[in-house]
Peer 1: 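My questions all concern the structure below.
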Amino acid sequence: MNRKRIRVLSLTLVLAACAAAGSIAYGGVKPDPVLSGLKTQLAHNKKETSGPLVQVGDYTISKLDLENYKAIKKSAASMSGQQLTDGIDENLLLKEIIIEKIILVEAKKQQITVSLEEGKQEAERLKQLLSQQPADVQALQKQFIDTYGVSEEKYWNEIAPKQYQELLINQKLIKKWIDNKTLPQITDANQQETFSQALETHKEKLYQEALTDYVTVKDDRYSLK
């Protein structure tokens, strides 16, 4: 997977994508300063007052969600050799989070479901895959988990299953879009860019429709368009 295609849905998803591509330069098991900084930032974010920013159907996006997403995305960019400035447009970040929730809403509309148990199975599959990786990759994974401030057991049993449940829902919906010709079928690697563009265009269409349907801004400091 090309690192330009990495979507930061969670810390573990970032690790899985980067480990698969070899796109994170990591030379040993010493604590990574980027992850140490991320852990500090996430802990700080928890102490701040967090009110609702946007309602997307049944999903509420809070200020804490936005701040955590921003911190995670900046860290992931840094680890893949990129850099995001402090002046990053929060409205654009908020839009990315909203689109993730829109995907879940649209999947529900189309009766696409994934059980939490399936999410647990997918998390266990990745856990086993990671256990077969080199020691430096495993050490990096432990540092990712540590940024959550929880034990590995709690992460894999309580946090990861929900993350992978949502990832599987996303994958199923995209497959349905391909099957019903909403998105083009990929028959070779050269079509990946065309597919990615079609996917982003369709997501933008859903976003614009949702703005007048089931997306409500709760904080007037943010504008969506």
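All residue numbers refer to positions in the sequence shown, counting from 1. Given the structure is predicted, the values throughout are model-derived calculations rather than measurements. Hydrogens, waters and symmetry mates play no part in the numbers below; they use all other heavy atoms, side chains included.
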Peer 1: State plainly whether the residues D213 and K109 are in salt-bridge range, i.e. N to O under 4.0 Å.
Peer 2: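 Yes, D213 and K109 are salt-bridged.
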Peer 1: Contact between Q143 and T147 at the side-chain level, heavy atoms closer than 4.5 Å - yes or no?
Peer 2: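 Result no, sub-4.5 Å side-chain heavy-atom pair not found.
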Peer 1: If you measure from CD1 on I112 to CD1 on I174, what distance do you get to the nearest 0.5 Å?
Peer 2: 10.0 Å
Peer 1: May I ask you to test the E118-Q165 pair for a side-chain heavy-atom distance under 4.5 Å?
Peer 2: no
Peer 1: May I have the step-by-step check of side chain to side chain contact (heavy atoms under 4.5 Å, CB included) for V215 and Y207, ending in yes or no?
Peer 2: CA-CA 9 Å; V215 173; Y207 172 76; 5.9 Å; no
Peer 1: Which distance, rounded to the nearest 0.5 Å, do you find between the CG of L167 and the CD of Q171?
Peer 2: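 So the gap between those two atoms works out to 4.5 Å.
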Peer 1: For the residue pair D146 and L35, establish whether any side-chain heavy-atom pair is separated by less than 4.5 Å.
Peer 2: no
Peer 1: Quick one: closest heavy-atom pair of L173 and A107, and the distance?
Peer 2: CD2-N, 4.0 Å
Peer 1: Name the residue from E96, E90, K74 that meets the side chain to side chain donor-acceptor pair (under 3.5 Å) definition with Y69.
Peer 2: E96
Peer 1: Quick check on the hydrophobic clustering: are L126 and V150 connected, directly or via other members, by side-chain heavy-atom contacts under 4.5 Å?
Peer 2: yes
Peer 1: When rounded to the nearest 0.5 angstrom, what distance separates CG in L130 from NZ in K127?
Peer 2: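 Going from CG on L130 over to NZ on K127, the span is 10.0 Å.
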Peer 1: For A123 versus P161, what's the shortest heavy-atom pair and its separation?
Peer 2: CB-N, 4.2 Å
Peer 1: Would you tell me whether Q132 and Q128 have side-chain atoms, one donor and one acceptor, within less than 3.5 Å of each other?
Peer 2: no
Peer 1: Answer yes or no: is there a side-chain heavy-atom contact under 4.5 Å between E48 and H44?
Peer 2: yes
Peer 1: Near E117 CD, under 6.0 Å, is it more than 12 heavy atoms from other residues, nucleotides or ligands?
Peer 2: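 Correct, the count exceeds 12.
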Peer 1: What are the two closest heavy atoms between L94 and L66, and how far apart are they?
Peer 2: N-CD1, 3.9 Å
Peer 1: With side chains defined as the heavy atoms from C-beta onward, is the minimum distance between S62 and D65 less than 4.5 Å?
Peer 2: yes
Peer 1: Got a salt bridge between K175 and D179, using NZ or NE/NH1/NH2 to carboxylate O under 4.0 Å?
Peer 2: yes
Peer 1: Do I178 and F195 make a side-chain contact, defined as non-hydrogen atoms from C-beta onward lying under 4.5 Å apart?
Peer 2: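 Sidechains of F195 and I178: in contact.
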Peer 1: Hey, any chance V114 and L104 share a hydrophobic cluster, counting ILVMFWY side chains that come within less than 4.5 Å of each other, even indirectly?
Peer 2: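 In one cluster: yes.
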Peer 1: Using distance alone, with no hydrogens and no angle criterion, decide if S196 and Q192 have a side-chain donor and acceptor under 3.5 Å apart.
Peer 2: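 Side chains of S196 and Q192: pair found under 3.5 Å.
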Peer 1: Mark yes or no for whether Q133, through its side chain, and L129, through its backbone, hold a donor-acceptor pair below 3.5 Å.
Peer 2: yes
Peer 1: So K205 and T201, side chain to side chain contact (heavy atoms under 4.5 Å, CB included) or not? Walk me through it.
Peer 2: CA-CA 6 Å; K205 177 177 177 290; T201 297; 5.8 Å; no
Peer 1: Step by step, would you call V54 with T216 a side chain to side chain contact (heavy atoms under 4.5 Å, CB included)?
Peer 2: CA-CA 6 Å; V54 179; T216 304; over 6 Å; no
Peer 1: Do D188 and I186 have side chains that get closer than 4.5 Å, going by heavy atoms?
Peer 2: no
Peer 1: Look up atom CG in L93 and atom CD1 in I98, then write down how far apart they are to the nearest 0.5 Å.
Peer 2: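 Between atom CG of L93 and atom CD1 of I98 there are 11.0 Å.
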Peer 1: Rounded to the nearest 0.5 Å, how far does CG of N91 lie from NZ of K225?
Peer 2: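 If we round to the nearest 0.5 Å, K225:NZ and N91:CG are 8.0 Å apart.
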Peer 1: For the residue pair K95 and Y222, confirm or rule out a side-chain donor-acceptor distance under 3.5 Å.
Peer 2: no
Peer 1: Quick check: does any side chain N or O of T40 sit under 3.5 Å from a backbone N or O of S36, one acting as donor and the other as acceptor?
Peer 2: yes
Peer 1: Regarding K120 and the six-membered ring of Y164, is the cationic atom NZ or CZ under 6.0 Å from the ring centre and inside 45° of its axis?
Peer 2: no
Peer 1: Using a strict threshold of under 4.0 Å (side-chain N to carboxylate O), is an ion pair present between K108 and D58?
Peer 2: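 A salt bridge links D58 with K108.
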Peer 1: In terms of side-chain heavy atoms, does Q191 have a donor or acceptor partner in T187 at a distance below 3.5 Å?
Peer 2: yes
Peer 1: Does the side chain of E106 come within less than 4.5 Å of L206's, by heavy atoms?
Peer 2: yes
Peer 1: On a heavy-atom basis, which atom in K46 and which in Y148 lie closest, and how many Å separate them?
Peer 2: NZ-O, 3.8 Å
Peer 1: Do we see a donor-acceptor contact under 3.5 Å between the side chains of E166 and N170?
Peer 2: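 Looking only at side-chain atoms, N170 and E166 do not form any donor-acceptor pair under 3.5 Å.
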Peer 1: For E67 and K70: C-alpha separation, side-chain torsions, deciding distance, then whether side chain to side chain contact (heavy atoms under 4.5 Å, CB included) applies.
Peer 2: CA-CA 5 Å; E67 290 301 321; K70 179 167 63 174; 3.5 Å; yes
Peer 1: Considering non-hydrogen atoms only, spot the tightest contact between P52 and T60 and give its length.
Peer 2: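 Residues P52 and T60, closest heavy atoms: CB-CG2, 3.8 Å.
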Peer 1: Looking only at heavy atoms, which two atoms of N45 and A71 are closest? And how far apart?
Peer 2: ND2-CB, 4.5 Å
Peer 1: Determine whether L42 and L64 fall in the same hydrophobic cluster, where Ile, Leu, Val, Met, Phe, Trp and Tyr are linked whenever their side-chain heavy atoms lie under 4.5 Å apart.
Peer 2: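 Cluster IDs for L42 and L64 differ.
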Peer 1: Charged N to carboxylate O below 4.0 Å: is that the case for E152 and K142?
Peer 2: yes
Peer 1: Should the pair E100-K203 be classified as a salt bridge under the 4.0 Å nitrogen-to-oxygen rule?
Peer 2: no
Peer 1: Taking atom CG of L224 and atom CG of L92, what is their separation to the nearest 0.5 Å?
Peer 2: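 The CG atom of L92 is 10.5 Å from CG of L224, to the nearest 0.5 Å.
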